[in-house]
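Numbers for residues simply follow the sequence, beginning at 1.
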Amino acid sequence: QVQLVESGGGLVQAGGSLRLSCAASRGTFSGYGMGWFRQVPGKDREFVAAISWSGGSTYYADSVKGRFAISRDNTRNTVYLQMNSLKPEDTATYYCATSKTDGTVPFTDPHDYGYWGQGTQVTVSS
């Protein structure tokens, strides 16, 4: 069983940057795809970015393309989300997750993910 812990969230002004980290405190996600999702109260969880197990393939939601970058370090069992040019509409709780099956390609559907972290809050002020 994989246990994921996100960190790096906080309060930032519009236009600023944050770097989220997601580490496996137990188990490993080597061989699995990883994804970042976000959610605001009253809305469904939204796909943000995903990366294949090798890191060779990435995929982004249109709303973050060109501003966010997902990466991973399998030697550290950590995946990152670099967020630049943040906007107030990026405010949400951000979750990382591991894919249920081998992560040859990035997955965008939350149902393709099995283990989830507890989330980290990102607040962007205008």
Side-chain angles (χ1 to χ4, degrees):
Q1 186 173 356
V2 179
Q3 192 166 27
L4 304 175
V5 179
E6 300 100 334
S7 61
L11 173 64
V12 64
Q13 287 189 330
S17 298
L18 283 174
R19 188 194 196 201
L20 305 184
S21 298
C22 170
S25 64
R26 186 170 63 190
T28 177
F29 48 65
S30 179
Y32 293 95
M34 297 295 296
W36 285 97
F37 293 78
R38 64 188 182 187
Q39 190 170 24
V40 297
K43 292 191 175 182
D44 292 336
R45 195 161 292 188
E46 175 190 23
F47 168 76
V48 175
I51 188 167
S52 62
W53 73 268
S54 69
S57 296
T58 57
Y59 194 78
Y60 298 92
D62 288 342
S63 58
V64 306
K65 202 172 293 183
R67 299 188 297 122
F68 290 11
I70 187 171
S71 61
R72 65 190 295 164
D73 184 344
N74 288 337
T75 64
R76 297 176 182 269
N77 275 322
T78 303
V79 63
Y80 305 96
L81 185 67
Q82 178 67 43
M83 306 186 296
N84 300 323
S85 302
L86 282 162
K87 304 175 181 179
E89 51 263 44
D90 294 319
T91 295
T93 301
Y94 283 71
Y95 300 88
C96 67
T98 62
S99 64
K100 291 179 180 176
T101 59
D102 67 277
T104 305
V105 296
F107 298 103
T108 63
D109 188 333
H111 295 98
D112 289 322
Y113 290 85
Y115 295 106
W116 294 81
Q118 82 291 346
T120 185
Q121 178 66 35
V122 171
T123 303
V124 184
S125 63
S126 57

Student: I'd like to check Asp112 versus Ser99 (side-chain heavy atoms, cut-off strictly below 4.5 Å). Are they in contact?
Tutor: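 In short, these two side chains do not touch, never coming nearer than 4.5 Å.
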Student: Thr91 and Val40: which non-hydrogen atoms are nearest, and at how many Å?
Tutor: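 Minimum heavy-atom separation between Thr91 and Val40: O-CG1, 3.2 Å.
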Student: Looking at Tyr32, I'd like to know if its OH atom is crowded, meaning that more than 12 non-hydrogen atoms belonging to other residues, nucleotides or ligands lie closer than 6.0 Å.
Tutor: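 Not more than 12 within 6.0 Å, no.
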Student: Tell me, please, whether Tyr80 has Arg72 positioned over its six-membered ring: NZ or CZ under 6.0 Å from the ring centre and within 45 degrees of its axis?
Tutor: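 So Arg72 doesn't make the cation-pi contact.
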Student: Relative to each other, are the rings of Phe37 and Tyr113 parallel, tilted or perpendicular (30° and 60° limits)?
Tutor: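 Taking Tyr113 first and then Phe37, their aromatic rings stand perpendicular (interplane angle over 60°).
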Student: Nearest 0.5 angstrom please: Lys100 NZ to His111 NE2, how far?
Tutor: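 Between atom NZ of Lys100 and atom NE2 of His111 there are 7.5 Å.
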Student: If Ile, Leu, Val, Met, Phe, Trp and Tyr residues are connected whenever their side-chain heavy atoms lie under 4.5 Å apart, and connections chain through other members, are Phe107 and Tyr94 in the same group?
Tutor: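 Different hydrophobic clusters.
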Student: Report the distance from atom CD of Glu89 to atom OG of Ser126, rounding to the nearest 0.5 Å.
Tutor: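 It comes to 10.0 Å.
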Student: Does NZ in Lys65 sit with more than 12 non-hydrogen atoms of other residues, nucleotides or ligands closer than 6.0 Å?
Tutor: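 Correct, the count exceeds 12.
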Student: Side chains of Ser17 and Asn84: any donor to acceptor distance under 3.5 Å?
Tutor: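 Short answer, yes.
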Student: Do any N or O atoms from the side chain of Asn74 and from the backbone of Ser54 form a donor-acceptor pair under 3.5 angstrom?
Tutor: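 No, because the side chain of Asn74 does not come within donor-acceptor range (under 3.5 Å) of the backbone of Ser54.
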Student: If two hydrophobic side chains count as joined below 4.5 Å and joins carry through other members, does Leu20 share a cluster with Tyr59?
Tutor: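 Each belongs to a different hydrophobic cluster.
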Student: Got a second to check how far Glu6's CD is from Gln121's CD, nearest 0.5 Å?
Tutor: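 Output value for this atom pair is 12.0 Å.
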Student: First locate atom CD1 of Ile70, then atom CE of Met83, and finally report the distance between them rounded to the nearest 0.5 Å.
Tutor: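 Going from the CD1 atom of Ile70 to the CE atom of Met83 covers 12.0 Å.
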Student: Tell me if a side-chain donor or acceptor on Gln39 pairs with a main-chain N or O of Ala92 at a distance below 3.5 Å.
Tutor: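 Checking the backbone N and O of Ala92 against the side chain of Gln39, no donor-acceptor pair under 3.5 Å is found.
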Student: Nearest 0.5 Å please: distance from the CD1 atom of Ile51 over to the OG atom of Ser71.
Tutor: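 The OG atom of Ser71 is 6.0 Å from CD1 of Ile51, to the nearest 0.5 Å.
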Student: Do you know the tightest heavy-atom contact between Val5 and Gln118?
Tutor: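 So the two residues come closest at CA-OE1, 3.7 Å.
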Student: Is it true that the side chains of Gln13 and Ser125 contain a donor and an acceptor less than 3.5 Å apart?
Tutor: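 Result is no, nothing qualifies.
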Student: Would you say that more than 12 heavy atoms from the other residues, nucleotides or ligands in this model lie under 6.0 Å from the CG of Asp109, or not?
Tutor: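 More than 12 heavy atoms, drawn from other residues, nucleotides or ligands, come within 6.0 Å of this atom.
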Student: For the pair Thr120 (side chain) and Gly9 (backbone), establish whether a donor and an acceptor sit closer than 3.5 Å, ignoring hydrogens and angles.
Tutor: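 Between the backbone of Gly9 and the side chain of Thr120 there is a qualifying donor-acceptor contact (under 3.5 Å).
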Student: If you draw the axis of the six-membered ring of Trp116, does the NZ or CZ of Arg45 fall within 45° of it and under 6.0 Å from the ring centre?
Tutor: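 Judged by the rule, Arg45 and Trp116 form a cation-pi pair.
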Student: Do you know the tightest heavy-atom contact between Ala49 and Tyr60?
Tutor: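 Looking at all heavy atoms of both residues, the closest pair is CB-CD2, 3.6 Å.
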Student: Below 4.5 Å, heavy atoms only, C-beta onward: do Met34 and Thr98 meet side chain to side chain?
Tutor: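 The answer is yes; the side chains approach within 4.5 Å.
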Student: Which heavy atom in Ala24 sits nearest to a heavy atom in Val2, and how many Å separate them?
Tutor: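 Residues Ala24 and Val2, closest heavy atoms: CB-CG1, 4.3 Å.
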Student: Testing the basics here: between Leu86 and Val12, what is the closest heavy-atom pair and its distance to 0.1 Å?
Tutor: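 Taking Leu86 first and Val12 second, the nearest heavy atoms are CD1-CG1, 3.6 Å.
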Student: Taking all non-hydrogen atoms of both residues, which atom of Ala50 and which atom of Pro106 are closest, and how far apart?
Tutor: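 Shortest heavy-atom contact: CB-CB, 3.6 Å.
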Student: Sub-3.5 Å donor-acceptor pair from the side chain of Thr123 to the main-chain atoms of Leu11, do we have one?
Tutor: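 Such a contact is absent between Thr123 side chain and Leu11 backbone.
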Student: Could you give the distance from CZ (Arg67) to OG (Ser85), rounded to the nearest 0.5 Å?
Tutor: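 With rounding to 0.5 Å, CZ (Arg67) is 7.0 Å from OG (Ser85).
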Student: Does a donor on one side chain sit under 3.5 Å from an acceptor on the other, for Asp73 and Thr78?
Tutor: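 No, Thr78 and Asp73 have no side-chain donor paired with an acceptor closer than 3.5 Å.
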Student: From the options Thr58, Leu18, Val48, select the one residue that forms a side-chain contact (heavy atoms from CB on, under 4.5 Å) with Phe68.
Tutor: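 Going through the options one by one, the only one that passes is Val48.
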Student: Output yes when a side-chain donor or acceptor of Gln82 lies under 3.5 Å from a complementary backbone atom of Arg19, and no otherwise.
Tutor: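 No; zero donor-acceptor contacts below 3.5 Å.
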Student: Taking the side chain as C-beta and beyond, is there a heavy-atom pair between Ser21 and Arg76 under 4.5 Å?
Tutor: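 The answer is no; the side chains never approach within 4.5 Å.
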Student: With a 4.5 Å limit on heavy-atom distance, are the side chains of Leu4 and Cys22 in contact?
Tutor: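 Yes; the side chains approach each other to less than 4.5 Å.
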